[in-house]
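Right, one structure below, let's go through it.
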Amino acid sequence: MTTTRTVYLKGADRAAACAKAKELYEQGCTVRSVAQQMGRSYGGAHKLLVEAKVAFRPRRNGLRKAGA
């Protein structure tokens, strides 16, 4: 298994990434889909969306039940 390190985004590059992530999410993509399209981890994409002040959609299936 090979791992690749992603370059940290700073300044104008980070602002552009936030805008792109917000655009994708507002078009209906999931956080996971945004991450995949941008070549980021789920957590990295989520952080970009938080920085972009995105209003997150509620989870469709709600909380999982124990044993399900």
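Please read all numbers here as calculations on a predicted model, not as lab measurements.
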Checklist entry - Any donor and acceptor pair, going by atom type alone, linking the side chain of Arg57 with main-chain N or O of Tyr25 inside 3.5 Å? => result yes
For residues 27-35, tabulate all N or O donor-acceptor pairs below 3.5 Å that involve a side-chain atom, not counting sequence neighbours.
residue	atom	partner	partner atom	Å
Gln27	NE2	Glu23	OE2	3.4
Thr30	OG1	Ser33	N	3.0
Ser33	OG	Gln37	NE2	3.0

Checklist entry - For the residue pair Phe56 and His46, does the interplanar ring angle fall in the parallel (under 30°), tilted (30 to 60°) or perpendicular (over 60°) class? => result parallel
Next on the checklist: Strictly by salt bridge (Lys or Arg N to Asp or Glu O under 4.0 Å), give each pair with a member in residues 7-21 just once, sequence neighbours left out.
Outcome noted: Arg14-Glu51
Checklist outcome for this item: With sequence neighbours left out, the residues meeting side chain to side chain contact (heavy atoms under 4.5 Å, CB included) with Ala52 are Cys18, Lys22, Val54
